[in-house]
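None of the values given here were measured: they were computed from a predicted structure.
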Amino acid sequence: MQEKPARPGLMPGRLSCLTSLALSMLLLGCAVGPDFKSPTVSTPTGYLPGQAKTVLQVSGAKAPDAGQAGASQSVSSDKDLPAEWWSLFHSPELNAMISEALQHSPTLAAAQAAVRQAQENYNAEAGTLEFPTINATGNASRQRQVQGTPPAKDFTVYSGGLSVSYTLDVFGGGRRELETLAAQVDYQRYQLEAARQTLIFNVVNTAVQAAALQVQLDASRAALATQLAQLEIIGKQNQLGAQPLTAVMSQQQLVAQSQAALPALEKSLAQTRNQLAFYLGRYPNDPDLPQVNLDTLRLPQALPLSLPSALVRQRPDIQASEALLHQASAQVGVATANLYPQITLSGSYTRQRTEMGGVNSYASLWNLGAGLVLPIVDGGALRAKRRAAVAAYDQAAAQYQQTVLGAFQNVANTLRTIEADAGTLDAQATLTAQSRQLRDIMQQRYRLGAVSYLNVLDAERSYQQARTNLATAQAARFSDSAMLYMALGGGWWNRTGQEQAGNSQKTAAAHNDNNIQ
């Protein structure tokens, strides 16, 4: 950040020089302190090591049990992010949930109110800076003259007038303060967009997790039913002497373990659905809470990947951090301007009427003045405040750099997760297919009398456990794709017909010395 040279010592003998300097700066419209410029960020050519073209190919699952979640995916930088990226999952239920959440979320309502508050604070300061303060006054009083020769006389005095005051923004302190408020408006707008994208992802992720938990719960209940059937058979065999008591006890232990696991799954599903109701702005007891079925979701097969150089312009959190940096820069200007004189122009006009004994007398009074506040001795407070403002700027700059690094880490982690979870799903889908095939074989052999029913039930239990793990892997792939869209910024810049938090005419960026938007 480029800083202006330090202010020379202010001595009373230099008052005339300072007055001339003030008038010159007033004519030139200068503002002390640094002029903010968007930070230059050196970005890598790719998100992953050895990935210069930011292209990633993710193979699909070979086993058909993976369903739509097992599709292959290509991640490349030749496509832009769609504004409504969640529609790529081709789920009407999911689309309806997101639409409802965007309309009824208290979180978004609070963020929108914060934007309005920041904008009105900006408007209030702009009015103070651009226009003088004009006040009308009026007064009526009944008085008695008690001094002088008796008798005492009563009379009435009426007065009214106007007063005008205006502080000259000679050194641009007011304009820097207005720039601070403009940056705060930008910050709140980006915070709103970040809250919007987070809400959308949370709805997608929570709906997918609820669907996976429902599959897991159904599979666990089916596995428990199989174990109970096995326990009944083993118990009868024990009574006939065909099975030892230890076999019965072992099966009872398996049943008890499965029964103990069910409440945890039921609790997780209930809490996940309650969380989904919260995102939709509903109460948890709503009986009509929509549901998503994993089998109806489609995995986006072509995932866009923004160029690293574009990520800093697309992520709302990075743009919000830049707005805070802009705000800190403007505060340095405010602290610098406070080192210089403050000049205020004022004027007033008063008209007075006195009524005494049926006789009216009139008087008028006007005045024009100029006030000058010149800091001379303050114990170094103003200079210390300026140094504190510079330190706050350095802090904001470091936090901006941290936000940028965190964004790139987020994207890189998501790409690796997409790659790894695709392999996990492939393996789990293969295991599920093998478990289903083994179950079918056991059922066929049982019908031929080659194996006992216990073998059939054991194969069924293994298959249901594989289904449980498969649902987890399927949900991970859907959530990973949603996470990549969010990590890249969510495509908000492609929305049409709506106010964008970061359009080319940002409030703060449009600021200049004579025209502050």
Checklist entry - Any side-chain heavy-atom pair from Gln68 and Gln474 closer than 4.5 angstrom? => result no
Checklist entry - Are Gln399 and Ser321 linked by a side-chain donor-acceptor pair shorter than 3.5 Å? => result no
Item to check | Interatomic distance, Leu213 atom CG to Lys267 atom NZ [nearest 0.5 angstrom] | outcome: 11.5 Å
Checklist entry - Should we say atom CD of Gln257 is surrounded by more than 12 heavy atoms from elsewhere, each under 6.0 Å from it? => result yes
Next on the checklist: Using the rule given for side-chain hydrogen bond (donor to acceptor under 3.5 Å, both in side chains), can you reason through Ser452 versus Asn455, listing the C-alpha separation, both sets of side-chain angles and the distance that settles it, and then say yes or no?
Outcome noted: CA-CA 6 Å; Ser452 69; Asn455 298 116; 3.0 Å; yes
Checklist entry - Do Arg416 side-chain atoms and Val411 backbone N/O form a donor-acceptor pair below 3.5 Å? => result no
Item to check | Worked verdict on Asp288 versus Arg282 for side-chain contact (heavy atoms from CB on, under 4.5 Å) | outcome: CA-CA 10 Å; Asp288 299 323; Arg282 298 192 187 189; 4.3 Å; yes
Checklist entry - Will you find, in the side chains of Ser72 and Gln301, an N or O donor that is under 3.5 Å from an N or O acceptor? => result no
Checklist entry - How far does OG of Ser479 sit from CD1 of Ile418, to the nearest 0.5 angstrom? => result 11.0 Å
Item to check | Row check, Phe89 ring normal vs Arg298 NZ/CZ: under 6.0 Å, within 45° | outcome: no
Item to check | Donor on one side chain, acceptor on other, Glu193 and Gln197, under 3.5 Å | outcome: yes
Checklist entry - Can you list the steps and then say if Leu438 with Tyr463 is a side-chain contact (heavy atoms from CB on, under 4.5 Å)? => result CA-CA 8 Å; Leu438 177 61; Tyr463 171 64; over 6 Å; no
Checklist entry - Is there a donor-acceptor pair under 3.5 Å between the side chain of Ser91 and the backbone N or O of Ser87? => result no
Checklist entry - Does Arg439 reach the side chain of Ser462, with side-chain heavy atoms less than 4.5 Å apart? => result no
Checklist entry - Run the side-chain contact (heavy atoms from CB on, under 4.5 Å) check on Gln259 and Leu224 step by step: do they pass? => result CA-CA 7 Å; Gln259 289 174 332; Leu224 176 60; 3.7 Å; yes
Checklist entry - Just by distance, with hydrogens left out, do Asn410 and Arg315 show a side-chain donor and acceptor under 3.5 Å apart? => result yes
Checklist entry - Do Arg175 and Glu125 meet the salt-bridge criterion of a basic N to acidic O distance under 4.0 Å? => result no
Checklist outcome for this item: From the list Gln237, Gln251, Lys236, side-chain hydrogen bond (donor to acceptor under 3.5 Å, both in side chains) with Gln243 holds only for Gln237
Checklist entry - Is the shortest heavy-atom distance from the side chain of Asp440 to the side chain of Gln444 under 4.5 Å? => result no
Next on the checklist: Show, in sequence, the C-alpha distance, side-chain angles and deciding distance for Thr180 and Gln331, and conclude whether the side-chain hydrogen bond (donor to acceptor under 3.5 Å, both in side chains) test is met.
Outcome noted: CA-CA 7 Å; Thr180 297; Gln331 281 298 318; 3.2 Å; yes
Next on the checklist: For Thr226 and Arg461, which I'm curious about, is there any donor-acceptor pair between the side chains at under 3.5 Å?
Outcome noted: no
Item to check | pair Met483-Thr417: side-chain heavy atoms closer than 4.5 Å | outcome: no
Checklist entry - Quick one: are Leu199 and Ser105 in side-chain contact, heavy atoms under 4.5 Å? => result yes
Checklist entry - Per the side-chain hydrogen bond (donor to acceptor under 3.5 Å, both in side chains) rule, which among Gln112, Gln184, Gln119, Gln319 passes with Arg189? => result Gln119
Checklist entry - What's the shortest heavy-atom distance between Val292 and Glu93, and which atoms? => result CG2-CB, 4.2 Å
Next on the checklist: Set out, in order, the CA-CA distance, both residues' side-chain angles and the distance that settles side-chain contact (heavy atoms from CB on, under 4.5 Å) for Glu232 and Leu228, then state yes or no.
Outcome noted: CA-CA 6 Å; Glu232 183 180 357; Leu228 288 171; over 6 Å; no
Checklist entry - When the ring planes of Trp492 and Tyr190 are compared, do they come out parallel, tilted or perpendicular, using 30° and 60° as the limits? => result perpendicular
Next on the checklist: Side chains of Leu305 and Leu415, heavy atoms from C-beta outward: is any pair under 4.5 Å?
Outcome noted: yes
Item to check | Asn238 side chain to Ile234 backbone, donor-acceptor under 3.5 Å | outcome: no
Next on the checklist: If the threshold is 4.0 Å, N to carboxylate O, is there a salt bridge linking Asp35 and Arg176?
Outcome noted: yes
Checklist outcome for this item: Rounding to 0.5 Å, atoms CG (Leu94) and OG1 (Thr296) come to a distance of 9.0 Å
Checklist entry - Can you check whether Ala270's main-chain N or O pairs, donor with acceptor, with Asn274's side chain at less than 3.5 Å? => result yes
Checklist entry - Between Trp85 and Tyr485, what is the ring plane arrangement, given parallel below 30°, perpendicular above 60°, and tilted in between? => result parallel
Item to check | Residue pair Thr414 / Ala487: nearest heavy atoms and the distance that separates them | outcome: OG1-CB, 4.3 Å
Checklist entry - Testing Val204, Leu294, Asp421 for side-chain contact (heavy atoms from CB on, under 4.5 Å) with Phe478, which one passes? => result Leu294
Checklist entry - Is it the case that His326 and Glu179 place a side-chain donor and acceptor less than 3.5 Å from each other? => result yes
Checklist entry - Looking only at heavy atoms, which two atoms of Gly490 and Leu81 are closest? And how far apart? => result N-CD2, 3.8 Å
Checklist entry - For the atom pair CD (Gln428) and OG1 (Thr468), what is the distance rounded to the nearest 0.5 Å? => result 9.5 Å
Item to check | Pair Arg221 + Glu266: basic N to acidic O under 4.0 Å | outcome: yes
Checklist entry - side-chain hydrogen bond (donor to acceptor under 3.5 Å, both in side chains) between Ser220 and Gln464: does it pass, once the steps are laid out? => result CA-CA 7 Å; Ser220 296; Gln464 296 299 338; over 6 Å; no
Checklist entry - Can you tell me if Ser481 and Gln73 form a side-chain donor-acceptor pair at under 3.5 Å? => result yes
Next on the checklist: If you count every heavy atom of other residues, nucleotides or ligands that lies below 6.0 Å from Gln437 atom CD, does the total exceed 12?
Outcome noted: no
Checklist entry - Nearest heavy-atom pair of Val58 and Arg477: which atoms, and what distance? => result CG1-NH2, 3.6 Å
Item to check | Nearest non-hydrogen partners of Ala83 and Arg495, listed with the distance | outcome: CB-CG, 3.6 Å
Checklist entry - Is any side-chain heavy atom of Leu181 closer than 4.5 Å to a side-chain heavy atom of Val185? => result no
Item to check | Closest non-hydrogen atom pair between Leu299 and Ala69, with its separation | outcome: CD2-O, 3.6 Å
Checklist entry - Going by heavy atoms in the side chains, are Gln209 and Leu276 under 4.5 Å from each other? => result no
Checklist entry - Does CZ in Phe278 sit with more than 12 non-hydrogen atoms of other residues, nucleotides or ligands closer than 6.0 Å? => result no
Item to check | Residue that, paired with Leu102, satisfies side-chain contact (heavy atoms from CB on, under 4.5 Å) out of Val203, Ile200, Leu280 | outcome: Ile200
Next on the checklist: Under a 3.5 Å threshold, yes or no: a donor from one side chain and an acceptor from the other, between Gln275 and Thr206?
Outcome noted: no
Checklist entry - To the nearest 0.5 Å, how far apart are CG in Leu470 and OG1 in Thr432? => result 4.0 Å
Next on the checklist: Let's go through Gln214 and Asp218 carefully: what are the C-alpha distance in whole Å and the side-chain angles of both, what is the deciding distance for side-chain hydrogen bond (donor to acceptor under 3.5 Å, both in side chains) to 0.1 Å, and is it a yes or a no?
Outcome noted: CA-CA 6 Å; Gln214 186 63 62; Asp218 293 341; 3.1 Å; yes
